[in-house]
Amino acid sequence: MSSTPSRPPVLALVDANNFYVSCERAFAPRLEGQPVIVLSNNDGCVVARSEEVKALGVAMGAPARDIRELLRRHRVRVFSSNYALYGDLSARLMDVLGRFAPRVEVYSIDEAFLDWSGFPEDGLIEYAREMVGTVRRWLGLPVSVGIAPTKVLAKVANRIAKRRKVPGGAVALLDADGQAEALADLRTADLWGIAGRWSAKLEALGIDTALQLRDADPPFLRSAFGVVVERIVYELRGIPCLALEEVAPPKRQIVASRSFGRPVVELGELREAVAFHVTRAAVRLRRQRSEAGGLQVSIGTNPFAPDDPPYHGHCTVELVSPTADTRVLIGQALRGLEAIYRGGYRYHKAGVMLLSLTSADRRQGALFQPGDPARSQRLMTAIDRINHRMGRGTVRFGTEGFGHGWAMRQARKSPAYTTRWSELPRVD
DNA sequence: TCTGGGGTCCTAGGACCC
DNA sequence: TCTGGGGTCCTAGGACCC
């Protein structure tokens with residue numbers, strides 16, 4: 001036991017406002033103040049909205065075709081997702097945030113928790129404003145900051161900062177009174193970790209607000225909902241249950257899947273798509289120095305096409321020994337595909353999931369393994385290096401095909417301003 | 001033309017073991 | 001009246017996140 005009473009932890013949650021939209025604006029300042037949306041892969045539905053678009057009542061996830069007329073009427077600028085751009089700006093954002101805290105957890109593409117424990121409490125808001133200003137100047141991105149003793153409360157503070165458009169974009173919830181006031185104003189569904197199903201169930205129990213949830217009985221909630229909700233209750237009371245995780249643990253599964261730009265009927269095209277997805281997944285697998293012990297292939301028709309007969313097939317394949325060799329993974333995935341393929345359906349999506357991931361560094365040597373693992377590893381490393389340096393797809397497997405007539409639609413993608421020499425922004 | 005993609009954690013229940 | 005009890009591993013399904 002320490003003899004000095006430890007001060008409560010202080011976390012700052014930094015979250016970019018309308019991140020994808022803000023990335024587009026960072027390189028097209030004319031869009032500032034204009035209504036802007038970004039669409040999902042395949043230009044299917046809305047995944048990011050500027051404030052102007054939110055004011056029009058466009059919902060997150062709205063299908064693009066349902067709001068076409070509205071978008072036209074209000075001259076909304078529409079973009080396909082540009083993950084090369086968003087990923088690169090995200091890395092730069094995290095880099096800048098790292099200058100403002102000794103410990104950082106990168107939580108998502110546009111969010112990070114910063115450890116500000118031990119910082120002078122009366123200077124926190126000023127410090128947050130300085131950080132917000134730096135991000136704005138260096139990257140052109142608007143961010144908001146929520147400061148509190150736990151992650152769940154930091155999320156609440158951040159939400160208030162965003163909604164109230166507080167100057168400097170920072171709100172602190174460090175004392176009991178401020179916390180109670182904020183929680184009384186919040187529905188449970190707006191808490192981090194509580195969504196529709198659970199909030200409806202809570203409401204049926206007479207728990208409508210976050211404050212009521214905070215003051216409810218933890219053992220009862222645990223029996224009714226499980227440990228996840230119980231933890232949220234303690235977090236709301238200022239007792240940390242969710243630790244800051246600086247180093248992301250390796251993924252336990254890796255998924256690569258996509259819907260097609262048009263319906264696909266032929267097995268040949270599905271083979272190309274599956275090989276393409278395996279290749280993408282395998283690159284991520286090797287990047288985290290893992291090997292897969294199994295994989296799952298899935299194909300399916302469009303659930304939103306009422307006239308198409310529905311079919312969904314999936315197949316799990318176990319590998320004799322774990323591998324990160326794309327050739328082996330493609331071979332097994334195609335075996336799985338052939339087992340589930342049924343002719344005559346209009347397929348809409350194909351995907352691959354790598355399973356039973358283990359560390360490549362402490363693999364068990366298999367007694368009867370075909371091929372030479374060291375050779376395989378050298379080949380994969382060489383391919384990854386070339387593709388990293390020369391661009392994705394420079395070296396690829398024939399099975400992936402070349403035409404990719406099934407590839408997703410991205411009719412309105414902005415340039416890869418920061419990651420492709422040929423698409424650098426021009427200053428005329 | 002026509003509704004994304006990539007993840008995590010927890011729990012319950014069955015199989016199996018001693 | 002009374003049919004063992006405790007542990008582990010795996011899987012499927014449900015809930016959530018951005």
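By convention in this document, chain letters (A, B, ...) are assigned in the order of the sequence lines, proteins followed by strands, and residues within each chain are numbered from 1. Not measured: the values here are computed from a predicted model. Just the heavy atoms: all of them, side chains too, but no hydrogens, waters or symmetry mates, feed the values below.
In terms of phosphate contacts, Arg409(A) brings a side-chain nitrogen or oxygen within less than 4.0 Å of OP1 or OP2 of dC2(B). A sub-4.0 Å separation between OP1 or OP2 of dT3(B) and a side-chain N or O of Asn302(A) is present. In terms of phosphate contacts, Lys155(A) brings a side-chain nitrogen or oxygen within less than 4.0 Å of OP1 or OP2 of dC18(C). The side chain of His348(A) contributes no N or O atom lying less than 4.0 Å from OP1 or OP2 of dC2(B). Here Arg65(A) does not reach the OP1 or OP2 of dT1(B): none of its side-chain N or O atoms lies under 4.0 Å away. Contact annotation: Arg68(A) does not reach the phosphate of dT1(B) (side-chain N/O to OP1 or OP2, under 4.0 Å). Between dG5(B) and Ser259(A), a contact under 4.0 Å exists linking OP1 or OP2 to a side-chain N or O. Between Trp198(A) and the phosphate of dG14(C), there is no side-chain N or O to OP1/OP2 separation shorter than 4.0 Å. Regarding contacts with the backbone of dG4(B), every side-chain N or O of Ser257(A) stays at 4.0 angstrom or more from both OP1 and OP2. Within the structure, every side-chain polar atom (N or O) of Arg222(A) is placed at least 4.0 Å from both OP1 and OP2 of dC10(B).
Using a 4.0 Å cut-off between charged side-chain N and carboxylate O, Lys162(A) and Asp15(A) make a salt bridge. Using a cutoff of 4.0 Å between basic side-chain nitrogens and carboxylate oxygens, Arg77(A) and Glu52(A) are not scored as salt-bridged.
Taking the six-membered ring for Trp and thresholds of 30 and 60 degrees, Tyr347(A) and Tyr341(A) have ring planes inclined between 30 and 60 degrees apart.
When heavy atoms are screened at a 4.0 angstrom cut-off, Ile254(A) is found touching the sugar-phosphate backbone but no base atom. When heavy atoms are screened at a 4.0 angstrom cut-off, Asp43(A) is found touching no nucleic acid atom at all. Residue-level contact check: Ala256(A) touches the backbone only, with heavy atoms under 4.0 Å from sugar-phosphate atoms and none from bases.
In this model, no donor atom of one side chain and acceptor atom of the other lie less than 3.5 Å apart for Ser144(A) and Asn158(A).
Along DNA chain B, the nucleotide closest to Gly226(A) and the one closest to Asn42(A) are compared, and the more 5′ of them pairs with Asn42(A). Each of Phe304(A) and Val228(A) lies near DNA chain B, and the nucleotide nearest Phe304(A) is the one positioned closer to the 5' end.
When both pairing distances are held under 3.5 Å, dA15(B) makes a Watson-Crick or G-U pair with dT8(C).
The ring of Phe100(A) has its center no closer than 6.0 angstrom to the ring center of Trp116(A).
Atom CZ of Phe225(A) is separated from atom C1' of dC16(C) by 13 Å (rounded to the nearest Å).
Comparing dC18(C), dG4(B), dT3(B) by their closest approach to the side chain of Asn41(A) singles out dG4(B).
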